[in-house]
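Below: the structure, in C-alpha cells.
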Amino acid sequence: MNIYGDFEPTLHEILDNLMTRINDLNTDYQNQYHESLFEHLNGRIKSQDSMKQKCQKKNLPLTPYSALRENRDSIGIRIVCNFIDDIYTCIDLLEQMSDIQVIKKKDYITNAKANGYRSYHLILAKTVDGPDVDGNRPGLFYVEVQLRTIAIDTWASLEHEMKYKHNIKNPELIGKELKRVADELASCDVSMQTIRQLIREEN
Ligand code: 0O2
C-alpha cells in the first residue's frame, strides 16, 4: 500500500514547482546583486519506508491522512546558504510567494538546540488546483523547508549519521565533541558575516 495514496504524483509536482521557483529566486537575486542568495538547494519526497516508520513511531495508522496531515514533512526542501543573513533574506522572499503560507517557524539559529543544532525550519502550506487528502479543492499540502549555513549543513549530516548508528562506542564523548564543534562553527559563521559587512562598508 502506498502511504501517500493517490497523492504521490502531486507531491512530486509541488516539489518540482517549488524547486524551480526557488532556483529562479536565486537567479533573479544574482542578476540584481551579483552574488548568490544560497549556495545550493536539495529537495526530496520522504520515502514510503521513512514515512511509515515515522507514523508507527507516533502510533498513527498507516494512512494518507497520517502521512499528509499528521506529518508535515512528506515534501522537504533544504536551502544551504553561505551566510546567516542570507537565510533570513530567503525566508522573506519565500513569504512573498502568493500561493504559499508560512504556518510554522522554528528558529534554531537564534535558539540553538542543546546538541548544537542550528537551522531555521518553516512549514509551508501550499495550495494546488487539484484535491487534497481532506477532499478539498483547491487542495492544501504541507512542505517542510530547512535553511542553514554550509558549515552547519556539514555538521548536521555528521550528527544525523551518529543518531542512526547504534553501535557507537562512546556516544557521550562524540556528542560533547559535536556540540563543541557546532559552537565553533556558529562563531565562525558570525565572524564571516561580520567580515562580509566590513568589506561592504569599505566599498
Ligand atoms: P528525519 O529522519 O530527518 O526525517 P515538531 O513536532 O514539529 O515540534 P519535529 O517534527 O521533530 O518536531 O520538527 P523539527 O524539530 O522542526 O525537526 C524537523 C527535522 O529537522 C527533523 O526531521 C530532522 O531532519 C531535522 N532536525 C531536527 N533536529 C535535528 C538535530 O538535532 N540534528 C539533525 N541532524 N537534524 C535535526 P525528523 O523527522 O526528526 O528526522
Side-chain angles (χ1 to χ4, degrees), residues 2-4 7-8 11-12 14-15 18-19 22 38-81 84 87-88 90-91 94-95 100-126 133 140-168 170-189:
N2 187 327
I3 185 108
Y4 298 123
F7 296 103
E8 194 160 0
L11 301 182
H12 285 281
I14 294 171
L15 178 64
L18 286 176
M19 295 280 285
I22 297 170
F38 54 81
E39 209 275 329
H40 67 269
L41 183 67
N42 297 320
R44 62 103 184 96
I45 302 300
K46 202 176 192 87
S47 72
Q48 297 270 336
D49 283 350
S50 299
M51 183 54 84
K52 283 178 186 168
Q53 274 172 25
K54 193 161 182 174
C55 290
Q56 276 163 344
K57 224 162 127 188
K58 293 182 170 181
N59 287 321
L60 294 168
L62 301 182
T63 60
Y65 186 87
S66 301
L68 301 172
R69 283 291 177 266
E70 304 284 359
N71 289 299
R72 297 191 285 191
D73 65 345
S74 59
I75 306 170
I77 293 178
R78 184 171 296 148
I79 304 177
V80 179
C81 295
I84 300 166
I87 291 174
Y88 293 94
C90 281
I91 294 167
L94 288 173
E95 285 186 307
I100 279 168
Q101 217 192 332
V102 176
I103 58 164
K104 189 171 174 184
K105 291 180 172 181
K106 270 198 208 169
D107 187 352
Y108 293 127
I109 296 177
T110 308
N111 302 301
K113 284 180 62 172
N115 60 0
Y117 180 74
R118 289 166 172 87
S119 283
Y120 203 114
H121 295 179
L122 302 174
I123 300 293
L124 311 179
K126 160 100 174 77
V133 72
L140 188 146
F141 288 81
Y142 295 120
V143 180
E144 184 187 79
V145 182
Q146 299 179 350
L147 302 104
R148 48 173 82 143
T149 62
I150 300 177
I152 293 296
D153 190 49
T154 310
W155 178 94
S157 304
L158 194 60
E159 196 266 352
H160 193 263
E161 191 182 321
M162 189 195 77
K163 236 180 235 171
Y164 287 89
K165 291 228 163 98
H166 299 295
N167 54 352
I168 290 175
N170 199 340
E172 286 82 21
L173 177 69
I174 293 180
K176 244 181 169 173
E177 276 301 286
L178 278 168
K179 166 78 169 76
R180 184 182 63 75
V181 172
D183 293 346
E184 282 181 10
L185 293 175
S187 165
C188 286
D189 274 339

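Numbering of ligands and ligand atoms starts at 1, following listing order.
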Show which atoms of ligand 1 fall inside a sub-4.0 Å distance from at least one heavy-atom site of [X].
X      : value
Tyr108 : 14 (P), 15 (O)
Asn115 : 30 (C), 31 (O)
Glu159 : 30 (C), 32 (N), 33 (C), 34 (N)
Lys163 : 29 (C), 30 (C), 31 (O), 32 (N), 33 (C)
Lys46  : 1 (P), 4 (O), 38 (O)

Does [atom] have a protein heavy-atom neighbour under 4.0 Å away?
atom                    : answer
atom 28 (N) of ligand 1 : yes
atom 22 (O) of ligand 1 : no
atom 17 (O) of ligand 1 : yes
atom 2 (O) of ligand 1  : yes

Does the ring of Phe141 carry Lys126 above it, NZ/CZ under 6.0 angstrom from centre and within 45° of its axis?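 Ring-cation test returns no.
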Report yes if the side chains of Ile77 and Gln146 come closer than 4.5 Å at any heavy-atom pair, otherwise no.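 A side-chain contact is absent here, since even the closest heavy-atom pair is not under 4.5 Å.
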Does some side-chain heavy atom of Ile103 sit less than 4.5 Å from a side-chain heavy atom of Leu124?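 Side chain of Leu124 against side chain of Ile103, heavy atoms only: no contact under 4.5 Å found.
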Which of parallel (below 30°), tilted (30 to 60°) and perpendicular (above 60°) describes Trp155 and Tyr117?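 Trp155 vs Tyr117 ring planes: tilted.
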Identity and distance of the protein heavy atom lying nearest atom 10 (O) of ligand 1: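 Checking every protein heavy atom, the shortest distance to atom 10 (O) of ligand 1 gives Lys54 NZ, 4.2 Å.
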May I ask you to check if ligand 1 and [X] share an N or O to N or O distance below 3.5 Å?
X      : value
Lys106 : yes
Glu144 : no
Lys104 : yes

Work out whether the distance between some heavy atom of Trp155 and some atom of ligand 1 is less than 4.0 Å.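 So Trp155 does not count as touching ligand 1.
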So is Arg72 close enough to ligand 1, meaning a heavy atom under 4.0 angstrom away?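 Flag not set, Arg72 not near ligand 1.
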Considering the options Val143, Val145, Val102, which one meets the side-chain contact (heavy atoms from CB on, under 4.5 Å) requirement together with Leu94?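 With Leu94 as partner, side-chain contact (heavy atoms from CB on, under 4.5 Å) holds for just one option, Val145.
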Salt-bridge present (Arg148, Asp189; N to O < 4.0 Å):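 So Arg148 does not pair with Asp189 through a salt bridge.
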Using a 4.0 Å heavy-atom threshold (strictly under), name the region of Asp73 that reaches ligand 1: side chain, backbone, both or neither.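 Under 4.0 Å from ligand 1, Asp73 contributes side-chain atoms alone.
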Which residue pairs pass the salt bridge (charged side-chain N to carboxylate O under 4.0 Å, His left out) test when at least one of the two sits in residues 48-67, sequence neighbours left out?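 Every salt bridge (charged side-chain N to carboxylate O under 4.0 Å, His left out) pair that includes a residue of residues 48-67, provided the two are not neighbours, is Lys54-Asp73.
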Report yes or no: does Arg69 contribute a side-chain atom to a donor-acceptor pair with the main-chain N or O of Ala67 at less than 3.5 Å?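 Not a single qualifying donor-acceptor pair exists.
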Sole residue of Lys176, Lys163, Glu159, Lys179 in side chain to side chain donor-acceptor pair (under 3.5 Å) with Asn115: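 Among Lys176, Lys163, Glu159, Lys179, the one meeting side chain to side chain donor-acceptor pair (under 3.5 Å) with Asn115 is Glu159.
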Does CD in Glu95 sit with more than 12 non-hydrogen atoms of other residues, nucleotides or ligands closer than 6.0 Å?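 Count over threshold, so yes.
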